[in-house]
Amino acid sequence: MVIAHVAGTPMSSSSFACKNQPISSSVPQLQKISATAPSSASSRTATRRRALSVFVLTTSFSGLIQQLSLDNSSTSWSKPTGQNFVELPNSGGVKALDLRFGDGAIPADGDKVAIHYYGRLAAKQGWRFDSTYDHKDATGEPIPFEFIVGSGKVISGIESAVRSMKVGGIRRIIIPPSEGYQSTSQEPIPPNFFDRQRLFTTIFNPTRLANGEGSTLGTLIFDIELVSLRHW
């Protein structure tokens with residue numbers, strides 16, 4: 001068994017405090033990542049959470065698409081791919097913006113990958129419904145989400161994004177409803193009952209779906225870091 005693990009800068013979530021803040025008319029900048037190496041497991045986690053930051057989302061999905069852009073001058077990440085989201089090939093419409101390039105291996109079908117993520121809903125003003133940093137082990141350390149590439153157990157949009165990432169990379173993706181949750185059994189599933197209930201009652205709201213609002217209700221925004229992979 002061969003294990004590939006990220007050697008790059010970890011990421012963080014401190015900027016996710018914007019969860020319930022008023023929506024700003026301007027695009028906030030991403031925080032800089034310190035070049036100083038963390039001195040402990042807790043400081044490594046804190047640095048990792050800072051790197052995985054998300055902008056304040058606008059109240060409309062069209063506004064969200066316009067404002068989810070990267071300001072290169074405000075980050076220490078090396079050479080992002082560009083200022084705009086691009087549609088991933090053969091993804092069913094998933095759009096991606098690379099926030100940091102990885103330098104490790106690229107996953108293939110059958111590989112077991114570990115990712116850290118923040119998941120948001122385009123509806124509910126960008127409500128954050130889940131984060132791996134809320135899933136802690138006995139020591140208080142965040143637990144990455146693991147899955148087998150190609151297993152079909154994870155929503156298609158996440159698989160499409162991970163397939164073309166390298167270990168250590170961070171990518172922001174916008175997942176259309178057709179590549180998001182098709183049932184309440186697809187992973188990743190928020191462990192908190194109330195978050196899970198709110199997520200699925202929003203996405204699968206029969207009245208609003210009948211009114212043609214499905215394209216907004218089921219659209220997801222994920223920030224993902226590919227932490228490691230194992231070839232089996």
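Since the structure is predicted, the reported quantities are computational estimates derived from the model, not experimental observations.
- Atoms CG and NE2, from Asp111 and His231 in turn, are 5.0 Å apart once rounded to the nearest 0.5 Å.
- You'll find the side chain of Leu97 stays beyond 4.5 Å of the side chain of Ile174, heavy atoms only.
- We find the CD-NZ distance between Glu179 and Lys95 to be 11.0 Å, quoted to the nearest 0.5 Å.
- By the side chain to side chain donor-acceptor pair (under 3.5 Å) test, Ser183 is found to be paired with Ser185, residues two or more places apart in sequence or in another chain being considered.
- Panel note: side chain Tyr181, backbone Leu220; no donor-acceptor pair is recorded below 3.5 Å.
- In this structure, Thr216 OG1 and Leu121 CG are separated by 10.0 Å, a value rounded to the nearest 0.5 Å.
- Not one N or O on the side chain of Asn205 forms a donor-acceptor pair closer than 3.5 Å with the backbone of Thr202.
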*Kindly determine whether Lys124 and Phe129 satisfy side-chain contact (heavy atoms from CB on, under 4.5 Å), including the steps that lead there.*
CA-CA 10 Å; Lys124 305 289 186 183; Phe129 60 83; over 6 Å; no
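- Pro177 places a side-chain heavy atom less than 4.5 Å from the side chain of Thr219.
- Using a 4.5 Å cut-off on side-chain heavy atoms (C-beta onward), Leu99 and Asp223 make contact.
- Contact record, Gly92 with Ser178: O-OG, 3.9 Å, taken as the closest heavy-atom pair.
- For the side chain to side chain donor-acceptor pair (under 3.5 Å) test, residues two or more places apart in sequence or in another chain that qualify with Asp130 are Tyr117, His135.
- Taking 4.5 Å as the limit, every side-chain heavy atom of Ile221 sits out of range of all side-chain heavy atoms of Ile175.
- Of all heavy-atom pairs spanning Leu88 and Ala161, the tightest one is CD1-CA, 3.7 Å.
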*Hey, mind stepping through Tyr133 and His116 against side-chain contact (heavy atoms from CB on, under 4.5 Å) and telling me if it holds?*
CA-CA 7 Å; Tyr133 284 104; His116 274 302; 3.7 Å; yes
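- Among residue pairs with one or both ends in residues 202-211, those qualifying as salt bridge (Lys or Arg N to Asp or Glu O under 4.0 Å) are Arg208-Glu213; sequence neighbours excluded.
- Few gaps surround CG on Asp137; more than 12 heavy atoms of other groups in view lie less than 6.0 Å from it.
- For the residue pair Gly93 and Pro176, the shortest heavy atom distance occurs at O-CD, 3.7 Å.
- Applying the side chain to side chain donor-acceptor pair (under 3.5 Å) test to Thr184 and every residue at least two apart in sequence or in another chain returns nothing.
- Side-chain atoms of Arg171 never come within 3.5 Å of backbone atoms of Asp98 as a donor-acceptor pair (strictly under, hydrogens ignored).
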Could you go through residues 143-157 and list every donor-acceptor pair under 3.5 Å that involves a side-chain atom there, pairing it with any protein atom two or more places apart or in another chain?
{"unit_1": "Glu146", "atom_1": "OE1", "unit_2": "Lys112", "atom_2": "NZ", "d": "3.4"}
{"unit_1": "Ser151", "atom_1": "OG", "unit_2": "Ile148", "atom_2": "O", "d": "2.9"}
{"unit_1": "Ser151", "atom_1": "OG", "unit_2": "Lys153", "atom_2": "N", "d": "3.4"}

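- Phe200 contributes atom CZ, which lies 8.5 Å from atom CD of Gln186 (distance to the nearest 0.5 angstrom).
- The hydrophobic cluster containing Leu209, built from Ile/Leu/Val/Met/Phe/Trp/Tyr side-chain heavy atoms closer than 4.5 Å, also comprises Leu217.
- Looking at Thr132 and Ile115, their side chains never come closer than 4.5 Å, going by heavy atoms from C-beta outward.
- Side-chain contact between Arg196 and Ile189 is present, with heavy atoms from C-beta onward closer than 4.5 Å.
- Judged by a 6.0 Å distance limit and a 45° cone about the ring axis, Arg198 is positioned over the six-membered ring of Trp127.
- Counting heavy atoms from C-beta outward, Pro107 and Leu226 have side chains that approach closer than 4.5 Å.
- For Pro89, there are no side chain to side chain contact (heavy atoms under 4.5 Å, CB included) partners at least two apart in sequence or on another chain.
- Residues Phe193 make up the rest of the hydrophobic cluster containing Phe194, defined by ILVMFWY side-chain heavy atoms closer than 4.5 Å, directly or through other members.
- Considering only residues two or more places apart in sequence or on other chains, Asp109 meets the side chain to side chain donor-acceptor pair (under 3.5 Å) condition with Arg163.
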